[in-house]
Amino acid sequence: MSNITNQSLSEILESVKSKKISSLELTQAYIKNIENAKKLNAFVTTTFDQALENAKKFDNKPNNDLLLHGIPLAVKDLFCTENIKTTAGSNILNNFVPSYESTVTKNLWDSGAFLLGKLNCDEFAMGSSNETSFFGNVINPVGDQLVPGGSSGGSSSALAADLTPATIGTDTGGSIRQPASFTGTVGLKPTYGLCSRWGIVAFASSLDQAGPMTKTVSDCAIMLEAMSSFDEKDSTSINKKKETYSKNLKDNIKGMKIGIPKEYRVDNMPNDIDELWEKGKKILKDLGAELIDISLPHTKYALPTYYIVAPAEASSNLARYDGVRYGHRSQKGKDLIEMYENTRSEGFGDEVKRRILIGTYVLSSGYYDAYYLKAQKVRQLIKKDFDDNFTKVDAILTPSTPSSAFKIGEKTNNPVSMYLNDIFTVPVNLAGLPALSLPAGLDKQGYPLGLQLIGKALDEQKILNIGYAFEKNCGYKNEIKKWWS
Amino acid sequence: MVVMSKGKFDYFVNGEKEKYEVVIGLEVHAQVLSNSKLFSGSSTKFGADPNKQVSLIDSAFPGMLPVINEECVKQAVRTGLGLNAKINNYSVFDRKNYFYADLPQGYQISQYKNPIVGEGKVLLDMPYGSKEIGIERLHLEQDAGKSIHDMDPSSTYVDLNRSGIALMEIVSKPDLRSPDEVNAYIKKLRTIMRYLGTCDGNMQEGSLRADVNVSVRKVGDKKLGTRCEIKNVNSIKFMQMAIEYEAYRQVELLEDGKEIDQETRLFDTKKNETRSMRSKEDAHDYRYFPDPDLLPLKLEQKLIDDLKKSLPELPDKKKERFIKEYGLNSYEANVLVSEKEISDYYEEVAKLSDKKLAATWMMGDLFAMLNDKSLNISTSPISAKNFAGLIQSIKSGEISGRIAKEVFEIMVESGDDPRKIIETKGMKQQSDPKELEKIINEILSKDKDKVNQYKAGKEKLFGFFVGQVMKLSGGKANPQLTNEILKKLLKG
């Protein structure tokens with residue numbers, strides 16, 4: 001029973017169903033782990049009392065037909081949770097308690113899960129290392145000097161450290177896949193519109209998408225099934241029937257065509273990454289898939305395009321944090337304008353301010369056409385690159401990141417080098433496609449590395465299937481030593 | 001722009017050196033009649049306590065998303081059709097970014113490059129003929145909340161009840177040339193929208209507001225002058241005053257050899273003047289961009305066609321029909337179609353009585369009474385059916401015009417059926433020749449002197465005899481019959 005928490009969600013669900021363990025015991029085990037892992041700084045808020053109550057309630061009246069029966073879950077602090085403080089990692093929402101529950105988390109609770117706590121993240125999900133959070137940086141359980149990736153760094157850290165059996169993050173430019181890659185876990189960014197954005201603190205509306213972070217591909221399928229839904233409250237939500245990803249999971253990928261884009265081999269990329277990619281190709285080939293060299297010619301423009309579109313939307317989305325109705329309000333200032341200036345100066349951190357400035361600049365009259373409009377056009381070309389290739393291939397295989405987890409503080413003074421970490425993940429967000437990051441191996445330092453499977457829109461089942469087959473044959477095992485407890 | 005000359009247009013500003021024409025364009029903000037707001041389910045009812053009709057979306061809580069209210073879209077399409085305008089199958093909602101305490105999102109959702117309605121036109125009836133005013137566009141946007149600065153000496157209060165309410169911004173071409181035309185234009189827009197049921201046009205409640213663009217140019221010049229935009233004008237009277245003031249101000253500047261700055265000005269209703277609010281250089285950079293929370297609005301042609309088919313008869317058409325069907329003149333028809341409720345009332349009366357007489361009485365006594373009592377046609381104490389009864393009683397000769405006025409007064413007080421009033425009060429006209437002869441003989445035999453004077457040629461006395469007959473009959477003698485019999489008997 002002592003090692004229940006290092007099992008997969010699927011195994012835990014089985015144990016709860018067969019009454020090998022009660023929901024209460026399970027919850028207590030995670031609470032113990034969380035209390036012993038304060039060094040990781042993965043949590044902003046814990047809801048232990050409420051979780052224990054919910055676990056008891058479940059045990060008294062178990063309903064094992066539900067997808068996530070009796071499962072405590074910690075979620076990224078970007079999801080609004082009813083009556084539970086929701087900060088988005090920012091001082092400006094330090095005291096914010098929503099009166100409403102995000103659609104995605106509500107879907108989880110409706111599936112039998114309950115909240116264990118809220119996970120640290122980069123401020124407003126802006127960051128690739130979880131170092132921009134007002135609540136301090138999060139540590140990667142892989143090594144005490146390493147960042148857990150970002151922005152869903154609290155999620156990746158907590159998952160890899162067995163502080164939650166599975167979790168959810170949000171991915172605007174790689175914020176699920178990159179931390180998954182850095183911690184040796186599975187992360188899926190679904191098709192834009194598959195999971196409702198209602199009740200998620202917005203970063204960049206046309207790119208934001210919630211998704212699961214799990215230990216295995218099967219877990220990922222279960223979580224996606226639970227969290228996704230059509231939502232009338234989100235105008236960009238896709239109106240389609242709910243799929244049963246977990247039941248339909250198959251490991252036969254014989255004859256599938258896997259695209260290998262030549263543009264994903266960048267300068268100064270460590271050999272480790274190249275070797276990993278080769279290893280991935282070989283595994284898929286051995287499973288009967290056909291590898292096809294493809295070209296996504298506009299890939300090199302993806303990062304600059306992303307760093308125009310995302311800040312532009314963010315500059316507008318974050319205008320509502322003005323101290324008037326909720327959140328932090330500065331006590332300084334003699335009039336409305338000064339109140340705004342002081343509130344936002346005190347409330348936002350440097351990275352958020354940087355992006356608000358960039359976004360405001362690219363939308364300004366005189367610059368709009370040269371930046372924002374141009375970026376939107378390039379975005380269409382990037383999307384078209386994918387569309388053209390998806391007539392020929394079933395999925396595309398790339399590395400998830402150009403490096404393994406870097407050291408805390410290593411890139412904080414060089415935003416561009418930080419942004420470059422998203423180079424393989426942002427094209428997917430710009431195109432609105434689903435992509436799965438799979439743990440695939442370790443680099444020479446022993447840090448995890450991930451491979452990314454990109455699918456066409458709404459082809460989650462297919463990339464999950466490929467990932468499922470890959471996982472069975474990859475032989476990767478996450479063996480993190482619990483140095484923190 | 002077509003001007004048919006009937007009378008003469010004569011609104012010009014005479015400077016010391018030159019004669020100037022005033023060029024006016026209007027941006028009318030009309031509140032869409034709908035139960036809920038443009039992007040949320042909150043109520044739009046006027047007069048609720050502050051912040052009682054505010055959803056999480058209207059107050060821009062984190063993670064809240066707008067969802068378009070289809071009824072508001074339909075209302076905008078209906079209005080566009082009523083303005084003879086092109087409906088755009090594809091339109092886009094943009095964000096207009098600026099900070100203000102009563103703008104919770106920090107941006108207003110509006111339509112910038114791709115409005116839902118394109119070019120259209122409105123026809124005005126002016127004393128000098130009919131004039132067409134071009135519509136540039138109509139777009140949908142959210143209203144902001146209200147900042148209340150006078151409740152507390154050191155704080156500003158914010159009421160978000162209006163925040164997120166749907167507005168239609170209707171932009172005219174610079175086709176208006178005088179305060180009278182502005183008056184006619186606003187009233188016409190209001191009439192059309194009230195017919196369509198797309199805006200109640202209530203200016204007191206802020207359902208209809210306008211920004212006024214004014215410029216002047218020498219008569220005969222083709223090029224438009226530099227314009228100033230006057231904000232914050234919420235009644236037609238103030239609009240007219242602001243235009244007058246602004247036109248004279250601009251002419252004075254030009255005559256002094258100065259330039260006009262393109263700027264935004266405010267109309268001060270206490271001092272009756274406009275003053276500068278911000279210059280072009282200080283103009284906000286609104287950083288418009290398409291709202292990524294909303295998909296472009298795509299309208300199927302069938303929806304537009306269906307809405308077109310279901311439109312009610314509009315005032316221009318109705319006016320034509322009134323002239324043809326009821327034999328009214330253009331003026332009468334204009335007045336009677338000015339409000340849908342008035343036209344409905346008239347048609348009900350006209351169906352049951354004399355069409356022409358009904359028009360005369362409605363526009364005379366009925367309107368005077370309503371005006372007097374600050375009522376409108378919907379709250380009239382006299383129902384259309386009873387009013388028709390009164391008209392019929394006059395037409396049939398049952399009562400005289402003078403008695404009719406008395407009956408009318410009683411109807412106003414009691415709301416009763418005129419026939420019942422005439423019956424119970426014995427107000428029926430005396431139209432029995434034998435009875436009248438009896439009365440007349442009695443008068444003539446009493447006043448032999450005057451009869452003789454009349455016969456001697458003092459014909460003016462005829463009126464005296466009529467008066468006597470009326471007096472003796474209690475005003476009920478049929479005037480026509482009285483005349484006939486009187487003449488006959490005086491001859492004898």
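Heavy atoms only: backbone and side chains are in, while hydrogens, waters and symmetry mates are out. Predicted model only: the values in this text are computed from it and were never measured.
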Exercise: do B:Ser42 and B:Gln53 side chains pair donor with acceptor under 3.5 Å: no

B:Glu71 versus B:Ser34, side-chain donor and acceptor atoms under 3.5 Å: no

Contact leader toward chain B among A:Arg197, A:Glu232, A:Lys233, A:Met339, where contacts are heavy-atom pairs under 4.5 Å: A:Arg197

Between B:Tyr100, B:Phe99, B:Tyr98, the one whose heavy-atom pairs under 4.5 Å with chain A are most numerous: B:Phe99

Any side-chain donor near an acceptor of the partner, B:Arg287 and A:Ser364, under 3.5 Å: no

Choice from B:Val67, B:Leu65, B:Asn97, B:Leu295 maximising heavy atom contacts with chain A below 4.5 Å: B:Leu65

Side-chain donor-acceptor pair present, B:Arg227, B:Ser215, cut-off under 3.5 Å: no

Side chain, backbone, both or neither of A:Ala312 within contact of chain B (heavy atoms, under 4.5 Å): backbone

Closest-packed option against chain B by number of heavy-atom pairs under 4.5 Å, given A:Ala202, A:Gly323, A:Ser365, A:Gly327: A:Ser365

Under 4.5 Å from any heavy atom of chain A - which part of B:Asp285: side chain

B:Arg95-A:Asn317 side chain donor-acceptor pair, cut-off 3.5 Å: yes

Donor-acceptor pair between A:Asp122 and A:Ser151 side chains, under 3.5 angstrom: no

Chain B contact via A:Tyr367 - which portion, at a heavy-atom distance below 4.5 Å: neither

Ring-face cation contact, B:Tyr286 with B:Lys96, 6.0 Å cut, 45° max: yes

Heavy-atom pair count under 4.5 Å with chain B, highest-scoring of A:Thr86, A:Asp322, A:Asp234, A:Val324: A:Asp234

A:Phe203 ring center near A:Phe124 ring center (under 6.0 Å): no

Side-chain donor-acceptor pair present, B:Glu141, B:His139, cut-off under 3.5 Å: yes

Proximal component of A:Gln376, with respect to chain B [non-hydrogen, under 4.5 Å]: neither

Side-chain heavy-atom pair A:Thr236, B:Leu294 within 4.5 angstrom cut-off: no

Interface residue of largest heavy-atom contact number with chain B, from A:Thr360, A:Val201, A:Asp208, A:Leu336, under 4.5 Å: A:Thr360

Salt-bridge criterion met for B:Glu136 and B:Lys173 (N-O under 4.0 Å): yes

Best-contacting candidate, A:Phe96, A:Trp198, A:Tyr321, against chain B by heavy atom pairs under 4.5 angstrom: A:Trp198

Those residues of residues 162-170 of chain B, ordered by number, that approach chain A below 4.5 Å (heavy atom to heavy atom): none

Short N-O contact, A:Asp77 and A:Lys118, less than 4.0 angstrom: yes

Residue pair A:Ser229 / A:Asn107, side-chain donor-acceptor N/O under 3.5 Å: yes

Between CG on residue B:Asp211 and CD on residue B:Glu229, distance to nearest 0.5 Å: 5.0 Å

Largest heavy-atom contact set with chain B, pairs under 4.5 Å, which of A:Ser315, A:Pro98, A:Ser316: A:Ser316

Ring centers of B:Phe39, B:Phe93 separated by less than 6.0 Å: yes

Heavy-atom proximity to chain A below 4.5 Å, by part of B:Tyr288: backbone

Residues of residues 55-62 of chain B with any heavy atom under 4.5 Å of a heavy atom in chain A: B:Leu56, B:Ser59, B:Ala60, B:Phe61, B:Pro62

B:Asp305 and B:Gln301: side chain donor to acceptor below 3.5 Å: yes

Segment of B:Phe289 engaging chain A (4.5 angstrom heavy-atom cut-off): both

A:Ser237 side chain to A:Asp231 side chain, donor-acceptor N/O pair below 3.5 angstrom: no

Which atoms of A:Ile337 approach chain B - backbone, side chain, both or neither, heavy atom under 4.5 Å: neither

